[in-house]
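For reference, the structure discussed in these notes is given below.
Chain identifiers are assigned alphabetically (A, B, ...) following the order of the sequence lines, protein sequences preceding nucleic acid strands; residue numbering begins at 1 within each chain.
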Amino acid sequence: MSFWIVGPPKEQTPMGDEVLVAISSDMDVVRARQTGRSMATQVGLSRSEATLLATAISEVARNIVEYVGEGQILLCTVNLNGMEGIKVVATDSGPGIENVATALQDGESSGGRLGLGLPGARRLMDEFHMVSKVGEGTTVTMTKWKGPGRG
Amino acid sequence: MPVPILKQGHYLVASIQDALSDGEVLELQENLLKQIGDFRARGIIVDVTAMDVIDSFASRSLRTVALTTRLRGAEMVIVGIQPDVASAMVQFGLLMDDINTALNLEEGLEFLDRWTAERADADGG
């Protein structure tokens, strides 16, 4: 099963800044969210927006460590019609998720845990897409934009 | 670096100094639950002022310590949740309805003083 949950990604212009964080341990989870926070601050996201982003990164990074073991998170600054933000692409080559829509429901978790991670991360971000193929892996793409009124 | 746990009177104060990995969160959880027995502590304060995020894992672990502490006859209070972290927790849907929180260390100590006094009254009456 493979589809976009929130529709295809919008056309975004990468602004050049890109950081790839390899994820294979709980320390990498911390590194990924801290890198994301510092990039967000540089682009001008507020402290609150940066914390929402960092929390969402923490969840998707942990999912990689817990369910797959290793993967990577690409963080990049993006620009859409003058709007700036941070895009996060979390990729793994794990077993994949059979039903993406179910995985994004509250309370659903194949690991038998609370299952708050993905649906929670989705609520924190402005855009959230998840695509997964059984036997090939999962990619979560999500973006946090700088809020209005802060040029 | 492990989170330092200081003994202050009948209370234990865990003062988180930096962002914590999941492993460090679990280590803190284990140490607190062990020390509450070792020191016969009546209360625990966990100061999370320095935590960069409180995500699903951290919040579940903190809740576990709080509820386990209560089962052992003591009480825990979380202090110092930063405003941006608090609003992210609400937006995420991480609820800590049954967990005590206070603004800062001072108010956390006051909370535990009141709690232990009330319990002493109840025991005495």
Side-chain angles (χ1 to χ4, degrees), chain A residues 21 23-41 45-67 88 104-109 111-126 128 142 144 147, chain B residues 1-3 14-32 46-68 78-99 101 103-104:
Chain A
V21 185
I23 305 291
S24 63
S25 78
D26 61 346
M27 291 309 293
D28 298 328
V29 174
V30 176
R31 188 157 47 240
R33 74 182 185 225
Q34 288 183 335
T35 307
R37 179 190 290 277
S38 106
M39 289 173 75
T41 308
L45 271 74
S46 69
R47 187 185 159 103
S48 287
E49 288 162 348
T51 300
L52 297 177
L53 172 75
T55 309
I57 293 173
S58 198
E59 296 293 341
V60 295
R62 174 176 303 106
N63 271 4
I64 292 176
V65 175
E66 184 152 337
Y67 296 117
V88 180
L104 287 171
Q105 281 169 11
D106 275 322
E108 185 64 32
S109 165
R113 304 204 343 193
L114 274 180
L116 277 169
L118 285 177
R122 185 188 189 183
R123 279 195 288 274
L124 301 182
M125 300 297 283
D126 298 319
F128 188 100
M142 52 189 197
K144 187 80 199 162
Chain B
M1 191 184 76
V3 175
S15 189
I16 295 165
Q17 307 290 314
D18 201 356
L20 294 185
S21 70
D22 290 359
E24 290 165 331
V25 169
L26 287 178
E27 193 184 343
L28 172 64
Q29 181 178 328
E30 206 171 290
N31 289 342
L32 279 173
V46 179
D47 187 347
V48 300
T49 306
M51 279 182 92
D52 59 337
V53 305
I54 297 182
D55 58 15
S56 62
F57 186 87
S59 94
R60 188 165 53 244
S61 302
L62 287 170
R63 194 161 176 276
T64 300
V65 182
L67 298 179
T68 314
I78 297 171
V79 305
I81 298 181
Q82 294 302 293
D84 53 318
V85 173
S87 66
M89 289 172 73
V90 171
Q91 199 164 328
F92 196 113
L94 298 171
L95 302 176
M96 288 206 173
D97 290 351
D98 44 2
I99 306 305
T101 56
L103 185 65
N104 53 30

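- If you tally non-hydrogen atom pairs under 4.5 Å between each of A:Val65, A:Asp28, A:Val30, A:Thr55 and chain B, the highest count goes to A:Thr55.
- Taking both residues in full, the closest heavy atoms of B:Val53 and A:Ala54 are given as CG1-CB, 3.7 Å, listed atom of the first, atom of the second, then distance.
- At least one donor-acceptor pair closer than 3.5 Å links the side chain of A:Asp26 to the backbone N or O of B:Gly23.
- Counting heavy-atom neighbours within 6.0 Å of B:Glu27 CD, excluding the residue itself, gives a total above 12.
- Residues A:Ser58 and B:Asp55 share a closest heavy-atom pair of OG-OD2, 2.6 Å.
- The part of B:Leu20 that comes within reach of chain A is its backbone (N, CA, C, O), which places non-hydrogen atoms under 4.5 angstrom from that chain.
- Scanning all heavy atoms of the two residues, the minimum distance from A:Arg37 to B:Asp52 falls at NH2-O, 2.7 Å.
- A donor-acceptor pair is defined here as one N or O able to donate and one able to accept, closer than 3.5 Å; such a pair exists between the side chain of A:Glu59 and the backbone of B:Ser56.
- When all heavy atoms of A:Arg123 and B:Gly93 are compared, the pair lying nearest together is NH2-CA, 4.3 Å.
- Proximity to chain B (any heavy atom under 4.5 Å) is restricted, for A:Ala121, to the backbone atoms N, CA, C and O.
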